[in-house]
Amino acid sequence: MASPHSSPALSPPAQRPTIRSTVAHAARGALIGLVELVPGVSGGTVALVLGIFDRLIASANHFISGITHLVFKGSRTGAARRFAPVEWALVVPLVAGMFLALAMLSGPLHSFVENQATIASALFFGMVAASLLVPISMVRQAGPATTAGTATGIAVVLLVAAAAFMLLGIPALQIQDPPWWALTLSGAIAVCALALPGLSGSFILLTFGMYEPTLEAVSTRDYGYLALFITGAILGLASFVRLLGYLLRVRRRAVLLVATGLILGSLRALWPWQQDATLLPPDNAWLWPLAACIAGACVVLLLWWRQSRPASVGSAH
């Protein structure tokens, strides 16, 4: 059976879904949707921790290929062949859980982040910091590297982390009434960030002043706004995911190194003590944020340990 970290070029054999597996995938989707609402936390990073990132990218590639074949060539038979490798038993409940979390938890989570900003940031800081172990371990699994290759890899990680660190220091814009093209472009950028570990779609929206309007649209069910945003997301998904799938096949180690750097650099956005993108030292009330940070790290480490155990003994997904 394929490992959770196997190449996206290889699709695992189809398995009959069970109620337990369906609920588990829906819960994974809800977790990804939940963290996508938080600026600085990447849904792609969570997918890595849960061991389903490669499988999602592979399924998305097959799905996009099938849609493209159906629309431009009009061949249902050819499209069906391309749809066949899609892991529907994973994708359908995961997407359903993700959208359910977005619809139901956007309000409460936004309130928690606003009212308990320091605790929330510390919690997510610990989660993201612990998740660095995932791409690092995957880099090692991608193949042995020479001394020079290791030095180059470290340099890539540090350069990408430094670039992300500086970009995340840009003060956020504020847009009150975004035009239609800005909504579509925001959707495309956000879904690209969702697919790439370490890059937070919510933080990208926050930087360009689109986070508050989008969160409000989700909370108030503004279907006109959401339709334009989803259109952009579909366009971004169709273009970027195929590119990412290709790069994971031919330049897997490089992609994982970039992802590691992005995750490391994104920690700036989650530092609990900051004001207007300026980092501050911890204040006197540092004990509870520290506890929240440790709790977040323990959750991620527990998920990673639970996911890696079946992979090591060849259990089923």
Side-chain angles (χ1 to χ4, degrees), residues 1-12 24-25 28 31-32 35 40-59 87 90 94 124-162 164-165 193-200 244-267 270 293-317:
M1 193 210 70
S3 164
H5 305 312
S6 59
S7 170
L10 301 175
S11 298
H25 292 325
R28 292 182 178 100
L31 184 58
I32 293 174
V35 300
V41 184
S42 166
T45 302
V46 175
L48 273 181
V49 174
L50 297 175
I52 58 175
F53 179 74
D54 282 348
R55 296 166 62 193
L56 286 178
I57 295 298
S59 289
E87 289 191 71
L90 166 68
L94 188 136
F124 299 127
F125 186 95
M127 294 176 67
V128 173
S131 69
L132 278 166
L133 290 174
V134 181
I136 291 174
S137 66
M138 293 175 70
V139 167
R140 297 180 64 182
Q141 293 172 9
T146 62
T147 302
T150 300
T152 302
I154 293 174
V156 169
V157 170
L158 293 178
L159 286 173
V160 173
F165 186 90
L194 169 63
L196 187 61
L199 195 59
S200 166
L244 183 58
Y246 169 77
L247 291 175
L248 280 169
R249 289 194 300 272
V250 301
R251 291 289 185 269
R252 182 173 181 81
R253 182 181 175 85
V255 172
L256 293 172
L257 288 171
V258 170
T260 305
L262 287 172
I263 295 172
L264 180 61
S266 72
L267 289 173
L270 298 170
C293 180
I294 295 173
C298 288
V299 169
V300 170
L301 292 175
L302 181 61
L303 288 172
W304 183 44
W305 173 79
R306 173 66 183 84
Q307 183 61 39
S308 62
R309 281 187 66 221
S312 65
V313 298
S315 304
H317 293 296

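Reckoned from all heavy atoms, side chains included, excluding hydrogens, waters and symmetry mates. FYI, the numbering just counts along the sequence from 1.
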* Asked: When rounded to the nearest 0.5 angstrom, what is the spacing between CG in Leu48 and CG in Leu256?
  -> 7.5 Å
* **Approximate separation, where rounding is to 0.5 Å, of Met138 CE and Thr260 OG1** => 9.5 Å
* Structure fact -> To the nearest 0.5 Å, atom CG of Leu244 lies from atom CD1 of Ile57 at 4.5 Å
* **Nearest heavy atoms of Ser266 and Val128, plus distance in Å** => OG-CG1, 3.8 Å
* Asked: Which value, rounded to the nearest 0.5 Å, describes the distance between Arg251 atom CZ and Leu257 atom CG?
  -> 12.5 Å
* To do: State which residues pass side-chain contact (heavy atoms from CB on, under 4.5 Å) with Val300; sequence neighbours excluded, sorted by chain then number.
  => Val49, Met127, Ala130, Ser131
* Quick one: list whatever passes side-chain contact (heavy atoms from CB on, under 4.5 Å) with Leu159, sequence neighbours left out. => none
* Between Cys293 and Phe125, which heavy-atom pair has the shortest distance, and what is it? -> SG-CD2, 3.9 Å
* Structure fact -> CZ of Arg252 to CG of Asp54, rounded to nearest 0.5 Å, is 4.0 Å
* Asked: Which heavy atom in Gly265 sits nearest to a heavy atom in Ala164, and how many Å separate them?
  -> CA-CB, 4.0 Å
* What pairs with Ala259 under side-chain contact (heavy atoms from CB on, under 4.5 Å), at least two apart in sequence or on another chain? -> Pro197
* **For Ile294, all residues meeting side-chain contact (heavy atoms from CB on, under 4.5 Å), sequence neighbours excluded** => Leu290, Cys298
* Step by step, work out the side chain to side chain contact (heavy atoms under 4.5 Å, CB included) result for Ile52 and Leu94. => CA-CA 10 Å; Ile52 58 175; Leu94 188 136; 3.3 Å; yes
* To do: Look at the side chain of Ser59 and the backbone N and O of Glu87, then say whether any donor-acceptor pair between them is shorter than 3.5 Å.
  => yes
* Structure fact -> Which of Leu264, Thr45, Val157 passes side-chain contact (heavy atoms from CB on, under 4.5 Å) with Leu132? Answer is Leu264
* Asked: What's the shortest heavy-atom distance between Gly261 and Val160, and which atoms?
  -> C-CG1, 3.8 Å
* Got Leu31 and Leu303 here, is their nearest side-chain heavy-atom distance under 4.5 Å? -> yes
* Find the distance between CG (Leu56) and CD1 (Ile32) and round it off to the nearest 0.5 Å. => 6.0 Å
